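Read through the structure below, which is laid out as structure tokens, and then see the notes.
So that the names make sense, note that chain A is the first sequence line, chain B the second, and so on, each numbered from 1. If you're wondering where the values come from, they're calculated on a predicted model, not measured in any experiment.
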There are 2 protein chains.
Amino acid sequence: MGVTIKDVAREAKVSVASVSRALNGHGGVTAETLERIREVAARLRYIPHGAARSLITRRTHTIGALLPDLYGEFFSELIRGIDLAARVHGLQLLVSSSHDGSAEAAAALRAMQGRVDGLLVMSPHADAAFLRQNLPVGLPTVLMNTVLERDDYAALSVDNAGGARLVVEHLLGEGYRRIAFIQGPVGNHDVAEREQAYRDALAARMPGVPPIVLPGEFDEASGYRAGQRLVAMSPRPDAVFAANDMMAIGCMAAIREAGLRIPEDIAVAGFDDVPMARYVSPALTTAGVRIAELGKAALDQLAGQIDGDADAAAPVHVRIPAELMVRASSARNHASKAAASD
Amino acid sequence: MGVTIKDVAREAKVSVASVSRALNGHGGVTAETLERIREVAARLRYIPHGAARSLITRRTHTIGALLPDLYGEFFSELIRGIDLAARVHGLQLLVSSSHDGSAEAAAALRAMQGRVDGLLVMSPHADAAFLRQNLPVGLPTVLMNTVLERDDYAALSVDNAGGARLVVEHLLGEGYRRIAFIQGPVGNHDVAEREQAYRDALAARMPGVPPIVLPGEFDEASGYRAGQRLVAMSPRPDAVFAANDMMAIGCMAAIREAGLRIPEDIAVAGFDDVPMARYVSPALTTAGVRIAELGKAALDQLAGQIDGDADAAAPVHVRIPAELMVRASSARNHASKAAASD
DNA sequence: GAGGGCAACGTAAACGTTTTCATCGCTGCT
DNA sequence: AGCAGCGATGAAAACGTTTACGTTGCCCTC
């Protein structure tokens, strides 16, 4: 079907070895044969077969990314960061996502064997046992936002606790006292860290005041439902901290529909700083993670491992700091001015 | 380095052929040998080498996606649609994006040879000559939003003209008379179609009224700049139609900063219906393309070609219709009610 | 002029699979 | 008892590359 290196060799009246050398610039070919081979290859529209090549070279120039989902701005930004860094390193991207179920994630992971030089893993299923079972030994791997007990792999994660603490302390500093929290999916490790930090900060600064925790699912709809429950409570909370921005945005809609003002009646804050956060009105206060930076850092780390730099061989654990973005949705005291903070 | 099928064969005291048959469920193996091979494979953590396998089977179960960019909600949605459909067909995704320059795009395309079963191409560089030069013959390919003269490939594109016409006619219907248009990047085919439809609709419904066209670059910043120019014009336009949503959102910010009201002083409309469009305030009127649907349709078409269904073999040209989403940013006459239209 | 060295080129092995074909032993039938 | 048929298994080719190694021919040097 396709034209192979043999076809080029035959047509140029040389051996396949010479074609390979010529086209890869390895030298050892006369200028005129080089030219002839080039001409024939172009004329025949020869394109080397990647799988065959990487079978022998043991390099695919591709990295695999195992993600829990592709939906929403978080992953959009993450992939963008990964892709940008990948281009710098001359790597392609094999993505696999939204596998519901550990078995499916395992299949996706195994299907990548032999087609990638390294792996970027961000998956709720990625516990130590899962990885040991499904990762080829010796394949460079970087984990993202994954809870793991041992130091087998390099890992990057966002500083959930630090970011959540910043948000809660900011709300307290603005004078809000009854601060509610909207959770994400149960079992999600990021959510657990954020919630714990919320509880800790509250306990530290407002001892005796009980936390108010509402369920959520990371999507806008569940934030909306949480908002409805919120406005019906008595006494009504005067601030809400959602575990991610999309829920915060849904929550804002529910609050507005109840005829309440943001931030005068209820302040709202989120987590992630998705691009949309600054465009909703009032603009959303949030703990910003440079999401694209996270992706870039992960890929850079992975590329280091792949290139076998001994210095990069040691599994590192990096926490990406979260940064507080104060916007109008929480600025009770200086509502309009704070909107300029981004 | 990795454990291969030979290791399993040796350990299980059978030939590699039997291991292959056993693990792939091709039958022809006794129940007990099957069990033994399975046990050994699991114990050794054997994972088949994808490149080697696809070299002989000529199937990679992967499709390549060549995209101009990964930034923004449009591509986020597009990839999501593609990914969702890919999972249904059991395909993985090799993405390559943001190549500035035809040469880079060509390299990305060629690097996919042998690693994919089909190609999804959406690139400004993808003219007929480029494709003929860099596409292996016989590789199933579906083009998205690409202008091409001949019918060599299947192609899907959004109905830019129809969507733009809907927007302009809606604005006219609401009573707006001086409607400006914000362009996208020069040379972009989608933009050209939208602009032409804008001009046509204006000429048809308001003969003699000259079109007002401002430059733009598809990003929020250029929309903002266009908005600044807009409010400074005299006579001032009373409506603006941006070639995409992000520019419309940037434009809205400029209008607000000038102290004007939306939609009372100036109506705003966009194109794409990105998720953010319904969250900005006022919510943005836009011509909605089911972006994820576009991706899904493209991948379904490609999968059909790959499976060699003779019925899907004929190159098809499909136009995805655009749908008008009327929201508050353009509803002069019934401002608050129209917001409920989504 | 013989021999050494080197550049250009070809031969063939190797990468890790799948699959065709042949072999072997067995069963069941005549 | 012999033989056809069949199920289980193994040997080997094939996929399209890269590359180690061998061969050839030439030039240079002594």
Side-chain angles (χ1 to χ4, degrees), chain A residues 1-38 40-41 44-62 110-117 136 138-139, chain B residues 1-37 40-41 44-62 110-117 136-139:
Chain A
M1 185 157 300
V3 28
T4 80
I5 197 173
K6 290 183 188 168
D7 300 322
V8 179
R10 187 175 344 103
E11 188 78 8
K13 304 195 194 319
V14 292
S15 72
V16 292
S18 292
V19 177
S20 175
R21 277 189 289 255
L23 261 29
N24 291 323
H26 283 298
V29 244
T30 261
E32 49 204 332
T33 41
L34 174 67
E35 187 47 42
R36 179 159 36 103
I37 291 173
R38 280 233 182 91
V40 171
L44 263 44
R45 290 205 226 302
Y46 167 65
I47 303 179
H49 192 284
R53 186 204 295 249
S54 60
L55 182 58
I56 184 81
T57 61
R58 313 187 143 278
R59 270 310 188 93
T60 65
H61 297 288
T62 303
R110 303 174 122 254
M112 287 184 174
Q113 163 74 335
R115 340 186 84 110
V116 298
D117 292 338
L139 188 65
Chain B
M1 183 155 299
V3 26
T4 78
I5 198 173
K6 290 183 188 170
D7 301 321
V8 179
R10 188 177 341 107
E11 187 79 5
K13 302 194 199 316
V14 292
S15 72
V16 292
S18 293
V19 177
S20 175
R21 278 188 289 256
L23 262 28
N24 290 323
H26 283 297
V29 234
T30 263
E32 48 203 333
T33 40
L34 174 67
E35 185 49 42
R36 180 158 38 100
I37 291 173
V40 171
L44 261 44
R45 292 204 224 303
Y46 167 65
I47 302 178
H49 193 284
R53 188 204 292 250
S54 59
L55 183 57
I56 185 81
T57 61
R58 313 187 145 277
R59 271 308 188 96
T60 64
H61 297 288
T62 304
R110 305 175 120 250
M112 287 183 172
Q113 161 76 333
R115 343 187 83 110
V116 298
D117 293 337
V137 290
L139 188 65

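- One distance of note links CG of B:L55 with CZ of B:R115; it measures 11.5 Å at 0.5 Å rounding.
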Original post:
Step by step, would you call B:L139 with B:V116 a side chain to side chain contact (heavy atoms under 4.5 Å, CB included)?
Top reply: CA-CA 9 Å; B:L139 188 65; B:V116 298; 4.3 Å; yes

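- Residue B:T30 places its side chain closer to D:dT9 than to any other of D:dT9, D:dG16, C:dT17.
- Atom P of nucleotide C:dC15 and atom CD1 of B:I5 are separated by 14 Å, given to the nearest angstrom.
- Under the side-chain contact (heavy atoms from CB on, under 4.5 Å) criterion, B:A111 pairs with A:Q92, not counting sequence neighbours.
- Within residues 7-16 of chain A, no residue has a heavy atom under 4.0 Å from DNA chain D.
- Relative to the axis of its first five pairs, the axis of the last five pairs of the helix from C:dG1-D:dC30 to C:dT30-D:dA1 sits at 60°, rounded to 10 degrees.
- A:N24 is linked by a side-chain contact (heavy atoms from CB on, under 4.5 Å) to A:S20, A:H26, A:R53, counting only residues two or more places apart in sequence or in another chain.
- When all heavy atoms of A:I5 and A:V19 are compared, the pair lying nearest together is CG1-CG1, 3.5 Å.
- Non-hydrogen atoms lying under 4.0 Å from DNA chain C are contributed by B:A17, B:S20, B:R21, B:N24, B:H26, all within residues 17-28 of chain B.
- The CE atom of B:M112 sits 21 Å away from the P atom of D:dG16 (whole-angstrom rounding).
- Remark: B:K13 engages B:R36 in a side-chain contact (heavy atoms from CB on, under 4.5 Å) (not counting sequence neighbours).
- Of all non-hydrogen atoms in A:I37 and A:A22, the two that sit nearest each other are CD1-CB, 3.7 Å.
- Distance, A:I56 CD1 to C:dA14 P: 10 Å, rounded to whole Å.
- Applying the side-chain contact (heavy atoms from CB on, under 4.5 Å) rule to B:T4 yields the partners B:K6, B:D7; only residues at least two apart in sequence or on another chain are considered.
- For the pair B:R110 CZ and D:dT17 P, the interatomic distance rounds to 12 Å; values are reported in whole Å.
- Taking A:Q113 as the reference, nothing meets the side-chain hydrogen bond (donor to acceptor under 3.5 Å, both in side chains) condition, with sequence neighbours excluded.
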Donor-acceptor pairs under 3.5 Å, side chain of residues 45-52 of chain B to any protein atom, not counting sequence neighbours: which ones?
| residue | atom | partner | partner atom | Å |
| --- | --- | --- | --- | --- |
| B:R45 | NE | A:R132 | O | 3.3 |
| B:H49 | ND1 | B:A51 | N | 3.4 |
| B:H49 | ND1 | B:A52 | N | 3.2 |

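- One atom, NZ of B:K6, and another, P of C:dT18, lie 13 Å apart when rounded to the nearest Å.
- Protein atom CZ of B:R115 is 16 Å distant from nucleotide atom P of C:dT17, rounded to whole Å.
- Closest-nucleotide positions on DNA chain D for B:A52 and B:A31 were compared, and the one nearer the 5' end corresponds to B:A31.
- Note: CG (B:L55) to P (C:dT18) measures 11 Å, nearest angstrom.
- Mapping B:V29 and B:Q113 onto DNA chain D via the closest heavy atom, the residue that lands nearer the 5' end is B:V29.
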Close N or O pairs between protein and nucleotides 23-25 of chain D (under 3.5 Å):
none

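- Residue A:R53 has a polar side-chain atom (N or O) positioned under 4.0 Å from OP1 or OP2 of D:dT18.
- In terms of heavy-atom proximity, B:A41 sits nearest to B:L23 at CB-CD2, 4.2 Å.
- Residues satisfying the side-chain hydrogen bond (donor to acceptor under 3.5 Å, both in side chains) criterion with A:S18, sequence neighbours excluded, are absent altogether.
- Distances shorter than 4.0 Å separate some side-chain N or O of A:T33 from OP1 or OP2 on C:dC9.
- What separates NE2 of B:H61 from P of C:dT18 is a distance of 11 Å, to the nearest Å.
- In this structure, A:T60 contributes its side chain and A:D117 its backbone to a donor-acceptor pair below 3.5 Å.
- Look at A:R58 and you'll find a side-chain N or O under 4.0 angstrom from OP1 or OP2 of C:dG16.
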